[in-house]
Protein chains: 2
Amino acid sequence: MVSRVESAAATRRALLDAAAGLLDSGGPGAVTLRAVGARAGVTRGAPYRHFPDKDSLLTTVAAEALDRLADQVQAVRADPRLSPADKLHRGLSALMTVGRRRPHLYRLMFTYPAGDPAAIHAAKRAGDRAMGEFLAIVGGVVGAEHTRRFAPLLLTSVHGITDMEVNGHLSADKWHVTAEELVTTLVAMIDRQAHSG
Amino acid sequence: MVSRVESAAATRRALLDAAAGLLDSGGPGAVTLRAVGARAGVTRGAPYRHFPDKDSLLTTVAAEALDRLADQVQAVRADPRLSPADKLHRGLSALMTVGRRRPHLYRLMFTYPAGDPAAIHAAKRAGDRAMGEFLAIVGGVVGAEHTRRFAPLLLTSVHGITDMEVNGHLSADKWHVTAEELVTTLVAMIDRQAHSG
DNA sequence: ATTCTCAGATGACTTTGTCACCTGAGTGAC
DNA sequence: GTCACTCAGGTGACAAAGTCATCTGAGAAT
């Protein structure tokens with residue numbers, strides 16, 4: 001027997017999964033509320049029982065993705081078997097992997113959130129949490145006194161590298177560099193900078 | 001007396017300007033072909049005489065913006081009164097200024113281009129040209145042997161900084177840094193790296 | 001002068017976001 | 001246990017917007 005609230009929660013979950021799935025397979029254009037509903041086993045109007053509008057649904061998808069990223073980074077940070085340098089490498093890899101494996105979702109995660117205030121707040125909160133986890137990892141590498149400058153620099157830079165790669169502005173055969181190479185160079189530079197002058 | 005081709009060219013121009021204007025003032029959601037047509041003084045169907053579809057129109061807007069950016073950077077690069085370091089600073093400022101003054105256009109410029117092959121090609125071409133101009137400027141600062149690595153790194157990083165700022169992920173009161181500070185740090189680091197080891 | 005070409009207008013169709021309203025199954029009060 | 005209630009979900013409807021077929025009229029070629 002399923003209670004009413006259980007069924008409702010399951011539908012909500014199915015809607016979010018359907019939206020993310022459609023986004024992955026067909027890009028933003030494929031995400032219509034009708035298609036989302038169909039994929040979740042309900043009809044066009046049903047999503048409005050769970051989200052005030054389409055933007056809020058999408059922003060919630062982004063918020064969940066940011067939260068999962070934050071979880072991953074948190075797990076990396078808390079893993080006692082990893083050295084600070086390894087943690088940094090894995091954390092950054094987690095970010096880039098989202099961009100490569102789920103480019104449309106990645107785009108959504110870093111777009112200015114829209115929709116109702118609750119969804120927007122959730123997205124900002126999740127984004128800040130992910131950022132905070134990264135900050136802590138970077139702090140373990142460069143030392144607290146350098147974190148304020150280098151952590152955001154590293155994050156924004158790696159985001160830029162990922163974003164441009166995802167959007168085809170980093171054609172390897174034209175600029176003769178890979179994203180990995182850029183990140184490696186960047187990390188080495190920051191490391192050196194923080195541990196010398 | 002206006003010839004037919006003059007009138008057609010003027011309409012095409014008006015359509016592109018109208019699209020860019022609507023994008024600036026109301027975001028992507030405000031750019032409808034009907035609104036574009038109205039703002040350009042024609043009706044809904046007229047844009048299809050100049051662009052095969054909406055995506056192609058938008059991609060052309062992006063291509064023109066990238067071309068204008070390339071022009072600016074080229075002008076900076078060719079200015080004999082500027083030192084290499086000044087050129088770099090002004091070039092990067094040009095990029096960030098687009099992001100701040102015209103955030104929606106900035107987003108469009110760095111999104112994977114859609115539409116007909118001609119428009120896509122124009123956008124990629126313009127993007128590559130802008131990238132090439134930046135590359136030349138960076139080469140003047142760090143020396144040819146370091147350009148391949150540092151130029152794309154600098155560009156992607158500054159793009160990432162700008163993108164995250166534009167999308168509200170760099171709230172100064174939370175992370176206690178400004179975009180300027182990040183760029184300054186980055187440039188100083190690259191400069192130092194290229195001129196020492 | 002006649003015919004042709006093409007920019008632009010118009011009507012129509014389709015997709016999609018959104019809302020008002022309806023319905024039926026769990027749920028709490030008695 | 002009965003009854004009214006709440007709310008998830010279904011359905012009809014509407015408006016906005018992309019797109020196309022078709023029409024028209026003014027400049028261009030002959």
> Would you find more than 12 non-hydrogen atoms of other residues, nucleotides or ligands less than 6.0 Å from B/Arg125 atom CZ?
Replying inline: no

>> Does D/dG9 have its OP1 or OP2 closer than 4.0 Å to a side-chain nitrogen or oxygen of A/Thr11?
In response: yes

> When you match B/Leu15 and A/Gly29 each to their closest nucleotide on DNA chain C, which lands nearer the 5' end?
Replying inline: B/Leu15

> Between the side-chain atoms of B/Arg44 and the base atoms of C/dG8, is any donor-acceptor pair under 3.5 Å?
Replying inline: no

> Is there a donor-acceptor contact under 3.5 Å from the side chain of A/Arg44 to the main chain of A/Leu33?
Replying inline: no

> For A/Arg90, does the CZ atom have more than 12 heavy-atom neighbours from other residues, nucleotides or ligands under 6.0 Å away?
Replying inline: no

> How many Å lie between CG on B/Leu33 and P on C/dA9, as a whole number?
Replying inline: 14 Å

>> Counting the atoms with a prime plus P, OP1 and OP2 as sugar-phosphate, which does B/Val36 contact under 4.0 Å by heavy atoms, base, sugar-phosphate, or nothing?
In response: nothing

> What integer distance in Å separates A/Tyr48:OH from C/dC21:C1'?
Replying inline: 16 Å

> For B/Leu58 and D/dA17, what is the distance between atoms CG and C1' respectively, to the nearest whole Å?
Replying inline: 14 Å

> Once you round to the nearest 0.5 Å, how far does CZ of A/Arg102 lie from OG1 of A/Thr97?
Replying inline: 12.0 Å

Between N or O atoms, less than 3.5 Å apart, protein on one side and nucleotides 3-7 of chain D on the other: list the pairs.
| from | atom 1 | to | atom 2 | distance (Å) |
| --- | --- | --- | --- | --- |
| D/dT6 | O2 | A/Arg4 | NH1 | 2.6 |
| D/dC7 | O4' | A/Arg4 | NH1 | 2.9 |

> Say you draw a straight line from CG of B/Leu15 to OG1 of B/Thr11; how long is it, rounded to the nearest 0.5 Å?
Replying inline: 6.5 Å

>> What's B/Thr43 touching, base or sugar-phosphate or nothing? Going by heavy atoms closer than 4.0 Å.
In response: base

> In whole angstrom, what separates B/Arg34's CZ from C/dC13's C1'?
Replying inline: 11 Å

> Rounded to the Å, how far apart are B/Phe51 CZ and D/dA17 P?
Replying inline: 19 Å

> Rounded to the nearest Å, what distance is computed from the CZ atom of residue B/Arg12 to the P atom of nucleotide C/dA7?
Replying inline: 12 Å

> Looking only at heavy atoms, which two atoms of A/Tyr106 and A/His159 are closest? And how far apart?
Replying inline: OH-ND1, 2.7 Å

> Between atom NE2 in A/His50 and atom C1' in D/dG10, what is the gap in whole Å?
Replying inline: 13 Å

> Do side-chain atoms of B/Lys87 reach the backbone of B/Val73 as a donor and acceptor pair under 3.5 angstrom?
Replying inline: no

